[in-house]
Amino acid sequence: MYGNFSVCFSARKRRVHGMLKLYYGLNEEGKTVDQAESMNPCDINGTHFDPEVYLNKLRRECSLGELMDQESCMVKQIRSLDSDMQTLVYENYNKFISATDTIRKMKNDFKKMEDEMDCLSTNMAAITEFSAHISGTLQDQHAQITKLSGVHTLLRKLQFLFELPARLNKCLELQAYSQAVSSHRRARCVLQQYSHMPSFRGIQDDCHAIMDKLAQELRQKFRDGGSSAKDLSECVELLLQLDEPAEELCDKFLIHAQSRLEANLRGLEAETDILEFIDRGCNEFVSSLCLVIASYQELFVNRPQEGNLASKNIPHMAIGKLHAFVDAMATCYFSLVERRIQEEKSVGDNSLLVRALDRFHRRLQAVAKLLPGSAVPSQGTEIVVRAARERIQQYLAALQSFYLDSLRDVRQALAAPRLGGSSAGGELLSSLSASILNQIKSVMASVQLFTAKDITFSNKPYFKGEFCSQGVRESLVVNFIKFVCQSSRQFCESVGDRGGSTPPALLLLLSRLCLDYETSTITYILTLTDEQFLVQHRSPVTAVAALCGEAREAAQKLLNHYVKVQGLIISQMLRKSVETRDWVNTIEPRNVRAVMKRVVEDTTSIDVQVSLLYEEGTRKAHSSDSSKRTFSVYSGSRQQTRYAPSYTPSAAMDTNFLSNIHKLFSERIDIFSPVEFNKVSVVTGIIKISLKTFLECVRLRTFGRYGLQQIQVDCNYLQMYLWRFVSDENLVHFLLDEIVGSTAHRCLDPAPMEQSVIEVICERG
Amino acid sequence: MYQLYLVLQARALTSQTAESDAIRFLVGTQSLKFDNQIHIIDFDDENNIISKSVLQHQAGEIWHISASPADKAVLTTCYNKSEAPALSLSQLGASVFPAQVVSSESRVVTCGAVWRMPPEWESGSHESPDDPHNSHNPQNLELLCHLDNSSHGNASCVLWEPMGDGKHVISLADNHALLWDLTESSTQATISSSATLEGKGQLKFTAGKWSPHHNCTQLATANDTAIRGWDLRTMSQIYCIENAHGQLVRDLDFNPNKQYYLASCGDDCKVKFWDVRNINEPVKTLEEHSHWVWSVRFNHSHDQLVLTGSSDSRVILSNMVSISSEPFGHLVDDDDLSDGEDNHQDEKTKEPLQDSIISTYEEHEDSVYAVEWSSADPWLFASLSYDGRLVINRVPRALKYHILL
């Protein structure tokens with residue numbers, strides 16, 4: 001009664017469950033659900049429905065209004081259920097009635113069919129009997145006809161045999177060779193079999209004679225060679241069918257081809273332009289070679305094998321011969337090509353060579369396709385590789401000679417009288433390094449043609465790997481940089497003993513060049529190379545750092561050498577001036593000696609020269625008036641204490657003691673020490689060398705009073721001008737101090753000049 | 001390292017060649033103001049004590065000194081003589097700047113002379129290094145004879161015939177090489193032959209060495225950048241190495257065991273080793289000094305040991321095995337060398353046949369103008385710097401054993 005209510009009641013819950021069930025793939029009417037639901041005594045549709053419980057539940061839970069609604073809802077449902085049931089009962093009854101009618105009608109139809117089938121079987125038996133009778137009567141006549149037809153065929157064959165010689169002759173006359181051969185082939189076995197009969201034997205002999213003649217004619221035709229490829233192939237085919245030895249044929253064919261190819265090669269030798277040369281080589285030699293290979297293969301190798309020919313294994317033999325032939329011809333050609341490539345020495349335009357090589361390589365691919373397994377294409381690749389290697393060497397040589405030429409130009413520019421003032425150094429350097437860089441770039445661009453995408457051999461492993469890393473990077477770029485460093489170093493070594501044939505300015509310039517290489521250029525060039533050539537470092541390559549180190553070493557060596565050379569020039573001047581003068585009998589100093597002015601002038605010009613190429617560098621801070629103040633210190637107070645008391649013998653010890661104490665506390669001065677890459681350090685080095693020479697020379701001489709005073713004046717003058725050039729002015733003080741001190745020691749009559757007088761003389765110049 | 005101050009400046013150093021027992025060096029001082037002296041430096045090897053005796057050399061400042069190979073007491077000096085009125089201590093007194101006028105004729109000339117040390121010098125003027133001020137007057141040298149060369153110019157050095165009987169000396173004076181015969185117990189010197197270097201410009205010998213080989217018939221000299229060899233029998237030039245050094249050649253020495261080998265040093269800071277049969281290229285070049293190299297000496301017994309002194313104030317001892325008379329050295333087990341204190345030097349000398357710098361001695365504060373091996377002990381050498389400091393050093397013990405064993 002309350003079924004619908006219960007449906008409404010649990011509708012929500014069931015929908016939720018339904019979704020879960022769908023998820024787990026359970027049916028709506030799954031057993032578990034069924035059981036769970038049917039256990040509920042309040043489920044009006046369940047089997048365990050208990051009206052008492054249900055009613056009690058309703059009464060407990062619902063208000064009166066709700067009960068009334070519940071009741072009317074249930075009454076409505078009961079009514080509709082009743083009417084549904086009535087309709088169903090009526091429909092079932094009607095269907096049952098009509099089925100009974102159909103069964104009864106089928107029963108009648110089957111009975112009629114059985115009668116008709118019996119009639120059909122009796123008719124069939126009558127037909128079979130009749131047919132057997134007819135075939136029995138016709139048997140005899142059929143056997144006779146078969147025999148007659150057999151005799152007819154045999155007669156036809158015999159006739160063919162008897163007519164064969166005449167027919168062959170006729171074919172020979174008409175030059176229908178193939179027809180003749182096929183006819184003969186057809187008859188050959190039969191003739192062979194019945195050759196013991198005289199008549200057949202006659203025929204066979206006739207045929208043999210004719211066929212020999214035919215073969216002769218064919219051979220002649222083959223030998224003439226003027227015939228077209230198709231004729232030739234037909235010719236060969238026929239000859240093969242006539243049991244001609246294939247090997248001989250191959251040889252003949254190849255000899256014939258060889259003469260033609262050699263004629264092509266002879267035509268090549270006169271050529272001049274490499275591209276034209278290769279072009280002609282490709283068009284004439286390679287294409288005829290391909291043609292020969294193709295027709296040969298068609299003739300001997302790719303022919304369908306039939307009959308007893310198959311057993312002779314012709315293709316194997318033929319291929320062997322072909323390989324030997326092609327190899328021999330290719331070797332001739334390659335030697336020509338290589339000789340030609342070697343003649344290609346001018347490095348101006350690489351594209352011509354690359355295009356030529358590309359064409360050369362490309363055309364050889366055709367051979368590779370025609371004749372797989374041939375060594376020719378790989379040999380061709382090797383030639384290309386060799387040419388590329390050769391090319392790199394040539395470019396390296398060109399770069400080197402370019403570098404040397406540039407150096408010569410720079411040298412001339414340095415030697416020439418200055419026109420545009422003193423800025424020449426910097427400009428020369430920048431133009432030199434720019435032109436070298438440009439040259440390297442243009443060479444790289446040329447070499448890069450070898451690896452261009454559209455070049456057939458650029459995807460060979462050599463050109464992808466080794467060519468880039470070992471060839472371009474190592475052999476070309478790295479070797480060139482090494483060459484630059486090495487040639488720079490040679491300037492230091494060769495010149496050292498033979499007296500500066502290299503202008504010092506060039507040393508300085510090269511040193512700066514090497515330093516620039518170390519700081520930036522090498523990295524730049526190598527990065528450029530790696531990028532342009534996508535160098536994969538499979539094989540070990542020279543590291544950038546190693547190259548930079550080498551460049552730096554060269555720069556340092558050059559700079560040291562520059563300092564030595566310049567120091568030597570000034571030293572020689574000072575040495576001569578000290579050695580040639582009679583210091584004992586000199587006159588009272590009236591002015592600074594000219595050589596000191598030269599020293600200052602030269603130092604100034606060196607300073608200018610270096611400042612064009614090197615940065616200023618750091619120096620120790622000096623006072624606003626270094627030239628005066630410090631000089632007064634050394635000539636006034638200290639010098640006094642140094643040798644004034646030395647007139648008393650007891651004080652001699654103190655003098656030495658003092659000067660030794662002083663030396664203990666001053667740093668040891670390395671005269672020819674490595675210099676740093678800046679102007680101050682360079683000039684300091686030169687001044688150190690010069691002053692130390694001055695000192696040593698002074699110690700070898702003996703001075704009179706005025707000799708000492710002259711040295712005092714000279715040193716004061718040097719002090720006034722040199723302090724500004726050096727990194728640590730105390731160094732100049734120390735050395736000049738030593739000079740004056742040593743002079744005083746070497747003086748017969750040490751009476752120093754008044755400081756004020758010295759200053760007046762020096763200021764007068 | 002043992003050292004001693006001489007008070008005066010000094011350039012001249014020699015070992016007492018004829019002395020084979022005591023380790024003794026002779027030093028000549030160089031001073032224009034005081035009387036110059038010959039210092040006789042004795043080194044007691046067992047107690048490591050240096051002592052010195054002083055002999056007066058009043059003739060002038062000493063530029064070069066060399067000891068007779070035959071007679072311990074005989075030596076030669078080259079000295080400067082000022083022809084102006086000589087200064088003496090009494091004249092100067094205590095005044096600071098005496099107003100003394102050097103006459104316009106004053107001239108400085110260098111002479112050579114042969115001297116004899118007084119026989120009692122050893123007992124007379126011995127002094128300890130702690131007391132340099134000698135209270136009583138030192139003894140004078142006894143003049144045997146002058147090598148009178150007024151006609152030939154200034155003497156730069158005097159060389160004794162090596163291993164000779166003390167009867168022959170060569171003096172180099174300006175551009176002349178003079179061979180003297182000493183007679184009458186060295187009191188008479190006569191020129192027996194001479195050679196003159198001809199050429200443009202003012203040529204002057206700066207150094208020379210009498211070869212101990214070929215029966216002492218060869219002499220090597222240096223002038224400017226060239227080294228020349230002379231045959232003393234004919235007094236003619238036998239070879240000439242032009243531009244042997246980039247700058248002035250300062251000193252020469254013959255390898256005592258290899259007759260054609262010669263070492264030279266000079267103002268280009270290099271030491272070069274020559275085979276005089278092939279003078280185009282030096283056999284070897286060392287470039288370790290940072291200023292002029294003034295002196296080079298082969299060890300008398302073990303010619304792989306080469307000593308050089310330079311005005312960079314350093315003395316360098318090199319091991320030139322590859323060009324020595326013992327190029328294969330001696331193979332030594334490591335065990336033989338194990339000597340606690342010299343372990344670090346073991347490392348250096350383990351490679352037996354490598355040319356190497358054994359040691360750089362930096363004790364000097366001023367230019368080192370002379371280095372000399374002791375003639376008594378082959379493992380000992382002295383070096384002298386301009387400030388008058390004499391330093392005596394030993395060859396590192398590990399190397400010594402390495403060479404000996």
Side-chain angles (χ1 to χ4, degrees), chain A residues 495-500 564 568 571-572 575 579-580 582-585 587 640 643-650 652-653 655-657 659-664 666 668-673 688-689 692-693 695-696 699-707 738 742 745-752, chain B residues 5-9 11 30-34 61 63 80 82 84 87 89 92-108 132-133 202 225 243-248 267-270 282 285 287 289-292 294 311-314 362 365-367 369 386-389:
Chain A
V495 167
D497 295 339
R498 307 276 175 260
K564 263 190 195 183
L568 180 62
S571 294
Q572 294 287 22
R575 189 156 73 94
E579 279 178 359
T580 51
D582 180 2
W583 290 99
V584 179
N585 298 315
I587 52 158
Q640 290 284 330
Y643 61 86
S646 64
Y647 288 90
T648 55
S650 62
M653 180 65 188
T655 316
N656 268 334
F657 186 69
S659 87
N660 285 332
I661 292 285
H662 172 72
K663 280 176 189 161
L664 272 180
S666 62
R668 185 188 288 274
I669 300 169
D670 272 345
I671 305 302
F672 289 116
S673 55
K688 266 197 304 191
I689 291 173
K692 179 76 177 175
T693 305
L695 172 66
E696 293 294 341
R699 283 180 175 183
L700 289 170
R701 303 285 297 174
T702 309
F703 294 83
R705 178 202 292 183
Y706 297 127
E738 279 279 307
S742 289
H745 273 298
R746 304 287 317 142
C747 183
L748 295 167
D749 176 24
Chain B
Y5 277 100
L6 300 179
V7 179
L8 296 172
Q9 265 93 0
R11 278 175 184 271
Q30 199 174 38
S31 169
L32 291 164
K33 287 143 208 148
F34 312 109
E61 53 173 4
W63 286 85
N80 260 11
S82 172
L87 300 172
L89 291 175
L92 293 169
S95 67
V96 181
F97 295 121
Q100 194 192 13
V101 180
V102 179
S103 74
S104 57
E105 272 87 45
S106 70
R107 207 158 63 88
V108 177
H133 300 290
Q202 269 200 323
T225 62
N243 288 319
H245 283 266
Q247 301 173 50
L248 213 65
D267 289 0
D268 56 359
C269 312
K270 290 174 186 167
T285 301
E287 224 171 327
H289 285 291
S290 75
H291 201 241
W292 306 352
W294 285 78
S311 39
D312 63 2
S313 313
R314 292 190 179 96
E362 310 213 350
E365 304 291 345
D366 207 333
S367 305
Y369 293 131
Y386 189 60
D387 54 7
R389 190 197 294 210

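Chain identifiers are assigned alphabetically (A, B, ...) following the order of the sequence lines, protein sequences preceding nucleic acid strands; residue numbering begins at 1 within each chain. The shown structure was predicted, so the numbers you read here are calculated from the model rather than taken from an experiment. Reckoned from all heavy atoms, side chains included, excluding hydrogens, waters and symmetry mates.
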Query - Worked verdict on A/His745 versus B/Leu32 for side-chain contact (heavy atoms from CB on, under 4.5 Å) - result: CA-CA 7 Å; A/His745 273 298; B/Leu32 291 164; over 6 Å; no

Query - Chi angles and distances behind the side-chain contact (heavy atoms from CB on, under 4.5 Å) call for A/Leu700, B/Arg11 - result: CA-CA 10 Å; A/Leu700 289 170; B/Arg11 278 175 184 271; 3.5 Å; yes

Query raised in the report: Passes side chain to side chain donor-acceptor pair (under 3.5 Å), A/Glu696 versus B/Tyr386? Steps please.
Result: CA-CA 11 Å; A/Glu696 293 294 341; B/Tyr386 189 60; over 6 Å; no

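Contacts of A/Thr693 with chain B are made by both backbone and side-chain atoms, with heavy-atom separations under 4.5 Å. Using a 4.5 Å cut-off between heavy atoms, A/Leu695 makes no contact with chain B at all. Residue A/Arg746 touches chain B through both its backbone and its side chain, counting heavy-atom pairs closer than 4.5 Å.
Rounded to the nearest 0.5 Å, atoms OG (B/Ser290) and CD1 (A/Ile689) are 9.5 Å apart. Of the inter-residue distances, the one linking A/Ser742 atom OG with B/Asp366 atom CG reads 7.0 Å to the nearest 0.5 angstrom. Here the straight-line distance linking atom CG of B/Asn80 with atom OG1 of A/Thr702 works out to 4.5 Å at 0.5 Å rounding. To the nearest 0.5 Å, atom NE2 of residue B/His291 and atom NZ of residue A/Lys692 are 5.5 Å apart. Atom NZ in B/Lys33 sits 8.5 Å away from atom CG in A/Leu748 (nearest 0.5 Å).
Using a cut-off of 4.0 Å between Lys/Arg side-chain N and Asp/Glu carboxylate O, B/Glu61 and A/Arg699 are scored as not salt-bridged.
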